[in-house]
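Below is one structure, written out as structure tokens, with a few remarks after it.
Because the structure is a prediction, the values reported are computed rather than measured. One is the number of the first residue; the rest follow in order along the sequence. First listed ligand is number 1; within each ligand, the first listed atom is number 1.
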Amino acid sequence: MKRGFYIGRFQPYHNGHQSVLEHIAGKVDEIIIGIGSAQLSHQVDNPFTAGERVLMITRALASLECPFYVIPIEDIQRNALWVAHVRSMAPPFETCYSSNPLVIQLFRESGIKVQSPALYERETLSGTEIRRRMLAGEPWEELVPQPVVRVLREIKGKERLLQIARND
Ligand code: NAD
């Protein structure tokens, strides 16, 4: 059984993440998706809870052919121990897929194979840009899969972001 691991903060999950996962689906038998910084929510850079991110990913990948697991993973204080922490939380896997330089470095140092998928439209397909658009009242919906638009509406994600970004 060939399993691939993909980690992100997914604040929120967007079309770039979706394209990468569709690509990984063609390479492995099962995918493990780690929701990083699972302990963070209700911050301008990290507005959504781990549970809400589980919902976005699960719904967006409902028709993916490849089986997948979504595992929330809290951050730890020591980068040098982080890969062991990840491995203690996830089903066994042989390849990590990431384009995040720190993630790549930590996995390589632990002797795990890393593949870096291409970035899709990085200027617009980024959590930072989507949160910026939400705060600015600009259209953001085209940057995320339709099921994610529905989840964000259901949880009133934009309204939360606007409220927590306010000054008192
Ligand atoms: P992210 O949501 O920004 O990105 C997830 C992945 O998708 C990355 O590989 C990124 O390169 C890729 N991606 C982003 N936009 C893309 C696009 N347009 N096209 C294609 N791919 C795209 O999340 P991240 O910041 O990479 O998440 C890493 C997580 O690991 C964080 O939660 C971080 O805290 C955690 N971490 C924790 C520790 C620790 O606890 N000590 C150490 C290292 C990493």
Residue pairs passing the side chain to side chain donor-acceptor pair (under 3.5 Å) test where at least one lies in residues 101-114, sequence neighbours excluded:
Gln105-Glu109
Can you list every pair that meets salt bridge (charged side-chain N to carboxylate O under 4.0 Å, His left out) and has a residue in residues 130-147, with sequence neighbours left out?
Asp45-Arg131, Glu129-Arg132, Glu129-Arg133, Arg132-Glu138, Arg133-Glu142, Glu141-Arg153
Can you tell me which residues line ligand 1 if we count any heavy atom under 4.0 angstrom from one of its atoms, in chain and number order?
Tyr6, Ile7, Gly8, Arg9, Phe10, His14, Gly16, His17, Val20, Gly36, Ser37, Asp75, Ile76, Asn79, Trp82, Ser98, Ser99, Asn100, Leu102, Val103, Leu106, Ala118, Leu119, Tyr120, Arg122, Leu125
Taking the side chain from Ser98 and the backbone from Ile104, do they hold a donor-acceptor pair closer than 3.5 Å?
no
Examine Tyr120 and Phe10 and state if one hydrophobic cluster contains both, with Ile, Leu, Val, Met, Phe, Trp and Tyr joined whenever side-chain heavy atoms are less than 4.5 Å apart.
yes
What residue pairs, at least two apart or across chains, pass ring pair (Phe, Tyr, Trp, His ring centres under 6.0 Å) with a residue in residues 34-69?
none
For Tyr13, does its backbone N or O pair with a side-chain atom of Arg53 as donor and acceptor, under 3.5 Å?
no
